[in-house]
Colleague: 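I'd like to ask you about the structure that follows.
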Amino acid sequence: MGQIPHRHLRCIKLVGVKSPSFESPRVWSVWSVFNCSIAGDLHYSLLSYSYFLFSSQSMIRVKRLLLVSVISLFLGGCIPIVTDSPQDTDSVQDTDTPQDNKYINCTLPETNNQISKSDTTNIAIHIDGSGSMLGYVSSKISRYIQTLDLLDRTLSLGGSQNLEYYRVGRGIEALTRPKFLKAQKQEFYSGLNPQFPNVESDIAAAITPPPEDREQLIVIVTDLYQNEADVTRINRKIQEHYLNSSKPGYAAGILAVRSEFNGKVYVQESRNIEFTYNTQDRASEEFRPFYIIFIGPYSKIVSYFNEFNRTELLEESEENQYEIFSPNQIVNKMLYINKHQGRLPEKGIKSRNSLNNGKVRVELKYNQPIELLEIGKNIDEELEIQHNVDFANSKYSLPLDPNFIEYKINAEVYDRFYKDFKEDENAINVLEIDKNEANFVTKIKPREFTEPGIYYFTVDVRAKGLKESSWWRDWNWNSTRDELKDGSKTDRLLSFLQGLKSITNNLVAKNPPVIGRFCYAIQKN
């Protein structure tokens, strides 16, 4: 009958036929795992050698019965092989049907740091020419005079071909460049030079709307001494022409600087009070403040602030303060969850590198900022996860108020028919986000899951309010706290800055900007 092919002989060994001697043949126990690719050929081989195997007449019936049993096992097919998932073995899996594979990502929205629309911006520099400014130029090397020189050089060399100069008083008076340079001398403020007559402070007159065909940046140098102490009129003008919903790219900025001073200080209460103030022999924190108000495109203000801040004269310090009021530019990068950085409860929930419930395997690409979590069976109690998330405020912007943050949750569940995540409004109640001091607390309510599965939650973090900076009150003159003749403080400064904050907060509340996104994929077993 010829020799048995080697591959078939190997198969016979697998099923337990004693070889090569068949004088006392016997069948071993049936296999548990077998290579199905040779089953058909083996069927033929066993039939061909059946006579040789069972030549003993006395045992032919018994052997024939055993042979048929062995052959039927081959013809019936193979037992399926089940291997462990590369994921943790305690994940729930269902191998009745093939699995889907799904990659998910958490796309962080970009910060709304709007870029100026034009390379050419109309810049108007306004200098308060009233007598209250005279004390700043009593010294030829005062920080006020140095700042005017730096301001002119920076703005005139900034690439704009539309730089204009004005003197603020009764209305605004256009100046030639030579006349503008006189702002570093006493004659510009004293009223003794007919070219520069006495004027009153009317800063609001300088705040005019931008032209239709180009952007405008208004720069006002002043001590904030106003006619009738009406700083509210300045706020209203800024709101009307720049800080409103129709001009989302515009903002208001304040650069506060302390300078040497020797002259009269005017305090506006129910009576006009004035006194002489001299900073000679005083510490720098007792110098007299003046302010440069910037009103225009947010990106331009930030750019100039950065340039000033790099100089030794105006670097940010106790003597120099920067502030920008904008409803859109609040954070310089989005808040997000660092994967595996949350503090999980000891029981009921586990962090995973991927999820697999036997129907779909969910994985991440490119180290996405998504928290992958698995909740065990029969877990009903609320689970809390604490995350440390830093607020990365935009430079110079008002600080975010953690008490005025809202969360918008979107919930989806994986659908095998669509082979994708589909929105599930009922699952929104599963998550609750709260703020606890420096931490964000994610509360998961397992009993709110409608059924087992893999869910995907996207949580948008929105700002609804901003705080005031601490230096505002430190620099503000307060009649119940400060000495009457304290020239290191500015009357009505707090009212002016709080007015700008109120305008900004109203815009933020109407259209809360997204400042972060938290993403969770949760497998409920």
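Start at 1 with the first residue, then count along the sequence.
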Colleague: State, yes or no, whether a side-chain contact exists between Ile104 and Phe421 at a heavy-atom distance under 4.5 Å.
Modeller: yes
Colleague: Any luck finding a side-chain donor-acceptor pair between Arg492 and Asn476 under 3.5 Å?
Modeller: no
Colleague: Looking at Ser132, Ser130, Ser259, which one forms a side chain to side chain donor-acceptor pair (under 3.5 Å) with Asp223?
Modeller: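 Among Ser132, Ser130, Ser259, the one meeting side chain to side chain donor-acceptor pair (under 3.5 Å) with Asp223 is Ser132.
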Colleague: Less than 4.5 Å apart, side chain to side chain, heavy atoms only: is that true for Ile220 and Tyr291?
Modeller: no
Colleague: I'd like to know if Arg167 and Asp128 make a salt bridge, using a cut-off of under 4.0 Å between side-chain N and carboxylate O.
Modeller: no
Colleague: Between Glu374 and Arg352, is there a salt bridge with N-O shorter than 4.0 Å?
Modeller: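 Salt bridge flag = yes for Glu374 with Arg352.
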Colleague: Among pairs that include at least one residue of residues 498-523, which meet ring-ring contact (aromatic ring centres under 6.0 Å, His included), considering only residues two or more places apart or in two chains?
Modeller: Phe440-Phe518
Colleague: Run the side-chain contact (heavy atoms from CB on, under 4.5 Å) test on Ile123 and Tyr304 for me, step by step, so that the C-alpha distance in whole Å, both residues' side-chain angles and the decisive distance to 0.1 Å come before the verdict.
Modeller: CA-CA 12 Å; Ile123 301 179; Tyr304 286 125; 3.6 Å; yes
Colleague: If you look only at pairs with a residue in residues 275-284, which of them pass as a side-chain hydrogen bond (donor to acceptor under 3.5 Å, both in side chains), with sequence neighbours excluded?
Modeller: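 As it turns out, the side-chain hydrogen bond (donor to acceptor under 3.5 Å, both in side chains) pairs with a partner in residues 275-284, which skip direct neighbours, are Arg282-Glu286, Ser284-Glu319.
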Colleague: Decide whether Glu323 and Ser469 meet the rule of one side-chain donor and one side-chain acceptor closer than 3.5 Å.
Modeller: yes
Colleague: Run through Asp149, Ile127, Val137 and flag the one making a side-chain contact (heavy atoms from CB on, under 4.5 Å) with Gln184.
Modeller: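 Testing Gln184 for a side-chain contact (heavy atoms from CB on, under 4.5 Å) against Asp149, Ile127, Val137 leaves exactly one candidate, Asp149.
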Colleague: Mark yes or no for whether Asn506, through its side chain, and Ser502, through its backbone, hold a donor-acceptor pair below 3.5 Å.
Modeller: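 Such a contact is found between Asn506 side chain and Ser502 backbone.
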Colleague: Verify side-chain contact (heavy atoms from CB on, under 4.5 Å) between Asp486 and Lys489, making sure each step is shown before the conclusion.
Modeller: CA-CA 6 Å; Asp486 186 357; Lys489 305 290 196 300; 3.3 Å; yes
Colleague: Is there side-chain contact between His126 and Ile218, with heavy atoms separated by less than 4.5 Å?
Modeller: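 Yes; the side chains approach each other to less than 4.5 Å.
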Colleague: Are side-chain N/O atoms of Asn262 and Ser138 paired as donor and acceptor at under 3.5 Å?
Modeller: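 On atom types as modelled, these side chains do not qualify, holding no pair under 3.5 Å.
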Colleague: Counting C-beta onward and ignoring hydrogens, is there a side-chain heavy-atom pair between Pro178 and Leu181 closer than 4.5 Å?
Modeller: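 A side-chain contact is absent here, since even the closest heavy-atom pair is not under 4.5 Å.
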Colleague: Between Tyr242 and Thr208, is there a donor-acceptor pair closer than 3.5 Å when you use the side chain of the first and the backbone of the second?
Modeller: yes
Colleague: Quick one: are Tyr225 and Val265 in side-chain contact, heavy atoms under 4.5 Å?
Modeller: no
Colleague: So, do Asn320 and Arg143 sit near enough that their side-chain heavy atoms are less than 4.5 Å apart?
Modeller: yes
Colleague: Identify each donor-acceptor pair in which a side-chain atom of residues 424-433 lies under 3.5 Å from a protein atom, sequence neighbours left out, and give them as a table.
Modeller:
| unit_1 | atom_1 | unit_2 | atom_2 | d |
| --- | --- | --- | --- | --- |
| Asp424 | OD1 | Asn426 | N | 3.1 |
| Glu432 | OE1 | Lys445 | NZ | 3.0 |

Colleague: Under 4.5 Å between any side-chain heavy atoms of Phe457 and Ile444, yes or no?
Modeller: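 No, every pair of side-chain atoms sits at 4.5 Å or beyond.
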Colleague: Is any NZ, NE, NH1 or NH2 atom of the basic residue among Glu412 and Lys422 found under 4.0 Å from an Asp or Glu carboxylate oxygen of the other?
Modeller: no
Colleague: Do Arg517 and Tyr336 make a side-chain contact, defined as non-hydrogen atoms from C-beta onward lying under 4.5 Å apart?
Modeller: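 They are not in contact (no side-chain heavy atoms under 4.5 Å apart), so the answer is no.
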Colleague: Pairs in or reaching into residues 195-215: which pass ring-ring contact (aromatic ring centres under 6.0 Å, His included), with residues at least two apart or in two chains?
Modeller: Phe188-Phe196
Colleague: Assess the residue pair Ile301 and Ile324 against the criterion (side-chain contact (heavy atoms from CB on, under 4.5 Å)); give the C-alpha distance rounded to whole Å, side-chain angles, the decisive distance to 0.1 Å, and a yes or no.
Modeller: CA-CA 8 Å; Ile301 297 175; Ile324 292 182; 3.8 Å; yes
Colleague: Do Arg258 and Trp475 form a cation-pi contact, if we require the NZ or CZ to be under 6.0 Å from the six-membered ring centre and within 45 degrees of the ring's axis?
Modeller: yes
Colleague: Quick one: side-chain hydrogen bond (donor to acceptor under 3.5 Å, both in side chains) pairs with a partner in residues 174-183, sequence neighbours left out?
Modeller: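 Those involving residues 174-183 are Asp152-Arg177, Tyr165-Arg177.
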Colleague: Using the test side chain to side chain contact (heavy atoms under 4.5 Å, CB included), find all partners of Phe404 that sit at least two apart in sequence or belong to another chain.
Modeller: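 Phe404 satisfies side chain to side chain contact (heavy atoms under 4.5 Å, CB included) with Asp401, Lys464 once adjacent residues are dropped.
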Colleague: I'd like to know whether Tyr456 forms a side-chain contact (heavy atoms from CB on, under 4.5 Å) with Val362, so could you lay out the CA-CA distance, the side-chain angles of the two residues, the decisive distance to 0.1 Å, and finally the verdict.
Modeller: CA-CA 10 Å; Tyr456 186 49; Val362 174; over 6 Å; no
